[in-house]
Enquirer: 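This is the structure I have questions about; it appears just below.
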Amino acid sequence: MAQYIEDVHDVARLIPPGRVTNYGAIADFLTLGSARMAGWAMNKAHGDETIPAHRVVNRKGELSGRNHFATPTLMQERLEAEGVEVVDNKIVNFDELFWSPTELLK
DNA sequence: ACCGTGACGTGTC
DNA sequence: TGACACGCCACGG
C-alpha cells in the first residue's frame with residue numbers, strides 16, 4: 001500500500017468525534033498536491049471499519065462519498081450518531097463543525 | 001503510452 | 001447564488 005494512502009487514513013482517524021473535515025484540508029496538510037488524491041485515498045479505505053470516513057466531506061459540507069459506503073444512508077447515520085445534523089446530504093453548521101488537521105500542530 | 005475517470009477545489013461569468 | 005470550465009494527479013483499461 002502506498003505510503004500517502006496510509007497517511008490519509010491516519011489523518012482521518014485523528015478527526016475528533018462529532019467534528020468533520022474536507023478532502024482539501026487533508027491534501028493540503030499532507031501536501032498531496034491535489035484534493036483528488038485525498039478522495040482517491042479514501043476510496044481505498046472502503047470496507048475498513050477502523051477509518052471514520054464519514055467525517056470527511058467535500059468543501060461544501062456535502063456527503064459526496066455516501067454512495068461508496070455499504071448503504072447510501074450509512075454515512076449520514078454515522079454522523080447523526082455523533083450528534084452531527086445532516087439535511088439533504090449536507091452537514092448543518094458545517095463552518096462550526098469543521099476541523100482541520102493543522103489543529104494538531106497547536 | 002494514451003485516455004477517461006474520479007469520495008475535489010478554485011476561479012469566472 | 002449557481003452552473004460551468006479548468007487544474008489537479010494516480011490508476012485502470
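In what follows, every chain begins at residue 1, and chains take the letters A, B, ... in the order their sequences are listed.
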Enquirer: Assess whether side-chain contact (heavy atoms from CB on, under 4.5 Å) is satisfied between A:Trp40 and A:Leu32, documenting all intermediate values.
Expert: CA-CA 11 Å; A:Trp40 196 264; A:Leu32 297 180; over 6 Å; no

Enquirer: B:dA7 C1' sits how many Å from A:Met75 CE, rounded?
Expert: 7 Å

Enquirer: Is it the case that the side chain of A:Asp7 and the backbone of A:Asp10 share a donor-acceptor pair, with hydrogens and angles ignored and the cut-off at 3.5 Å?
Expert: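 A pair under 3.5 Å: no.
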
Enquirer: Taking A:Ala25's backbone N and O only, do any of them form a donor-acceptor pair with A:Asn22's side chain (distance below 3.5 Å, no angle check)?
Expert: yes

Enquirer: Looking only at the side chains, is there a donor atom on one of A:Arg13 and A:Thr50 sitting less than 3.5 Å from an acceptor on the other?
Expert: yes

Enquirer: Let's see if you get this right: which residues in residues 52-73 of chain A place a heavy atom under 4.0 Å from DNA chain C?
Expert: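 By residue number: none to list.
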
Enquirer: Go through the steps to decide whether A:Val56 and A:Met42 satisfy the test side-chain contact (heavy atoms from CB on, under 4.5 Å), and finish with yes or no.
Expert: CA-CA 9 Å; A:Val56 185; A:Met42 291 311 292; 4.3 Å; yes

Enquirer: Looking at A:Met75 and A:Phe69, what are the two nearest heavy atoms and their distance?
Expert: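 Scanning both residues, the minimum pair turns out to be SD-CE1, 3.6 Å.
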
Enquirer: Is it true that A:Glu49 and A:Arg78 have a side-chain N and a carboxylate O under 4.0 angstrom from each other?
Expert: yes

Enquirer: Between A:Glu82 and A:Arg19, is there a salt bridge with N-O shorter than 4.0 Å?
Expert: no

Enquirer: Between the protein and nucleotides 8-12 of chain C, list every N/O to N/O distance that falls short of 3.5 Å.
Expert:
from	atom 1	to	atom 2	distance (Å)
C:dC8	O3'	A:Gly33	O	3.4
C:dC8	O2	A:Arg36	NE	3.0
C:dA10	O3'	A:Tyr4	OH	3.3

